[in-house]
Number of protein chains: 2
Amino acid sequence: MSMGRAKLKMELIAKEKTRNTTYHKRKQGIIKKANEFSILCDVDTSIIIFPPNSNEPEIWPENPVIKSRKISLLTC
Amino acid sequence: MSMGRAKLKMELIAKEKTRNTTYHKRKQGIIKKANEFSILCDVDTSIIIFPPNSNEPEIWPENPVIKSRKISLLTC
DNA sequence: GCAACTATAATTAGGAG
DNA sequence: CCTCCTAATTATAGTTG
């Protein structure tokens, strides 16, 4: 029997496993929202995320809009 | 009497006034989500938005995390 | 044009398989 | 590690002041 969702304290999720699950769920949620935002309002939007155990940023969308906007994202 | 929220077709909002209202509401929504995501999962996140009638990007957070990550966002 | 409201849609925490 | 479930929380479309 499922318990449904519980309220979440707005602070770092201590348990690594839970934190990782939340990371993936919410990352997808934000990307979905950004995609809808772009379509509904005809706005170019880009999201840059630095995953927990990596210095390599995740950039959305894959072919960043920032390029066509004459903006460069450069690793130093 | 309020009608509550209606379902929205996933396509460009034709009416400028409605589109602008949605733009502001959803922009705040995405930023809130990104902020929560950063706190809950200890992840640096940055959002770049190009408003409809401007070439000047809106960057969140104001003091972009990307700077401390040795990433540069440069207008060409 | 804004802020507040509210009914409804959408997200998601925690669990189960 | 998934994917699915479901109740509860959260976001928000349309309206009103």
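Order of the sequence lines fixes the chain letters, A, B, ..., with proteins taken first and strands second; residue numbering starts at 1 for each chain.
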Q: Could you give me the CA-CA distance, side-chain angles and deciding distance for A:L40 and B:M10, then say whether side chain to side chain contact (heavy atoms under 4.5 Å, CB included) is met?
A: CA-CA 6 Å; A:L40 292 170; B:M10 195 44 54; 3.9 Å; yes
Q: Flag yes if more than 12 heavy atoms outside B:E11 fall under 6.0 Å of its CD atom; otherwise flag no.
A: yes
Q. Hey, can you pull the residues of residues 7-38 of chain B with a non-hydrogen atom under 4.0 angstrom from DNA chain D?
A. B:L8, B:T22, B:K25, B:R26, B:G29, B:K32, B:K33
Q. Between A:I49, A:T22, A:I47, which is the residue that forms a side chain to side chain contact (heavy atoms under 4.5 Å, CB included) with B:F37?
A. A:I49
(Q) With side chain to side chain contact (heavy atoms under 4.5 Å, CB included) as the criterion, how do A:K27 and A:Y23 come out once you've worked through the C-alpha distance, each side chain's angles and the decisive distance to 0.1 Å? (A) CA-CA 6 Å; A:K27 191 183 78 171; A:Y23 172 81; 3.9 Å; yes
Q | Side-chain touch A:I30/A:W60, heavy atoms, less than 4.5 angstrom | A | no
(Q) Distance check needed: D:dA8 P versus A:R5 CZ, whole Å only. (A) 12 Å
